[in-house]
**Student:** 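Handing you this structure, nothing more for now.
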Amino acid sequence: MYSYLKGELVEVLDGTIVVEVNNIGYNVHIPASMVDYFTGIGQAVKIYTYLYVKEGIMELYGFRTRDDLNIFKLLLGVSGIGPKGALAVLTVLTPDDLRFAVLGEDAKAIAKAPGIGAKTAQRVILELKDKLKLEDALEGKASDMDIGQGDSLSGVKSEAVQALVALGYSSSEAWKAIGSVELTPGLTVEEVLKASLKQMAI
């Protein structure tokens, strides 16, 4: 029903903001991690929204980017996770962090969200691993290459991740480190590994 709201920030509450659009104040639930984004009452804001309707309840949930909103919708599709649970996950993990955690099967990182237990975190991984792409977290780096090069780099990335895990890093830390490296065709596993370790040392 609503794609986004664009108006004036008139109030910041605990986990909620009020945005005034054409003299109507909309109560919008947001991840706690977004609170710092709203620096002053009266500022113009644009919030991507999701209207949750169930058993007489109508609530608006808002996000800074469309990517945040899309990840929220994916989380809602996981059995056992409602809007509060999805919001909790996005409070402790950015969309990219969630991608790394899911693809790296790091249930502990997901379980850090309030109200999300180990079993639910495993279910998030199970149900979203085929819906999330590492390339999205790498800001489209792979899209600049042809299919053959992308496939080749995927193998190099996977081997580098396995090596980092063998060194004691968690899967999500490994994927995140690999994601920070500028990948170009022809890179060897050793070169990617060295560059990743250098990033982790920063």
**Student:** Can you name the closest pair of heavy atoms from Gly62 and Met34 and give their distance?
**Tutor:** O-SD, 3.8 Å

**Student:** Determine the minimum heavy-atom distance between Val102 and Ile125, stating which atoms define it.
**Tutor:** O-CG2, 3.7 Å

**Student:** Provide the closest heavy-atom pair for Gly40 versus Leu9 in the form atom of the first, atom of the second, distance.
**Tutor:**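 Of all heavy-atom pairs spanning Gly40 and Leu9, the closest is O-CD2, 3.6 Å.
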
**Student:** Judged by atom type as modelled, is there a donor-acceptor pair below 3.5 Å linking the side chain of Glu127 to the main-chain atoms of Val124?
**Tutor:** no

**Student:** Hey, could you give me the CD1/CZ distance between Ile71 and Arg99, rounded to the nearest 0.5 Å?
**Tutor:** 4.0 Å

**Student:** Side chain to side chain contact (heavy atoms under 4.5 Å, CB included) for Ile47 and Ile17? Distances and angles first, verdict last.
**Tutor:** CA-CA 10 Å; Ile47 303 294; Ile17 59 171; 4.2 Å; yes

**Student:** If every non-hydrogen atom of Leu74 is compared with every non-hydrogen atom of Lys131, which pair is closest and at what distance?
**Tutor:** CD2-CD, 4.0 Å

**Student:** Check for a donor-acceptor pair, side chain of Thr91 on one end and backbone N or O of Ala32 on the other, with a separation under 3.5 Å.
**Tutor:** yes

**Student:** So, Gln122 side chain and Lys119 main chain: donor-acceptor pair closer than 3.5 Å or not?
**Tutor:**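 Side chain of Gln122 to backbone of Lys119, a donor-acceptor pair under 3.5 Å: no, none is there.
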
**Student:** Assess Arg64 against Tyr37: is NZ or CZ under 6.0 Å from the centre of the six-membered ring, and within 45 degrees of the ring's axis?
**Tutor:**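 That pair qualifies as a cation-pi contact.
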
**Student:** Can you say whether the rings of Phe72 and Phe63 are parallel (under 30°), tilted (30 to 60°) or perpendicular (over 60°)?
**Tutor:** tilted

**Student:** According to salt bridge (charged side-chain N to carboxylate O under 4.0 Å, His left out), who are the partners of Lys194, at least two apart in sequence or on a separate chain?
**Tutor:** Glu190

**Student:** I need the minimum non-hydrogen distance between Ala88 and Ala113, along with the two atoms involved.
**Tutor:** O-CB, 3.6 Å

**Student:** Quick one, Pro114 and Val92 - any side-chain contact, counting heavy atoms below 4.5 Å?
**Tutor:**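 Yes - at least one pair of side-chain heavy atoms lies under 4.5 Å apart.
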
**Student:** Determine whether a donor-acceptor pair (N or O, by modelled atom type, separation under 3.5 Å) exists between the side chain of Arg123 and the backbone of Gly80.
**Tutor:** no

**Student:** Check the pair Leu128, Val78 against side chain to side chain contact (heavy atoms under 4.5 Å, CB included), reporting the backbone distance first and the verdict last.
**Tutor:** CA-CA 8 Å; Leu128 294 188; Val78 176; 3.9 Å; yes

**Student:** Just how far is it from atom OH of Tyr48 to atom CZ of Arg66, taken to the nearest 0.5 Å?
**Tutor:**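 One finds 5.0 Å between OH of Tyr48 and CZ of Arg66.
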
**Student:** Would Val19 and Val10 count as a side chain to side chain contact (heavy atoms under 4.5 Å, CB included) here? Give the steps.
**Tutor:** CA-CA 6 Å; Val19 180; Val10 295; over 6 Å; no

**Student:** Is the shortest heavy-atom distance from the side chain of Ile30 to the side chain of Thr16 under 4.5 Å?
**Tutor:** no

**Student:** Which atom names give the shortest non-hydrogen contact between Leu5 and Val28, and what distance separates them?
**Tutor:** CD1-CG2, 4.0 Å

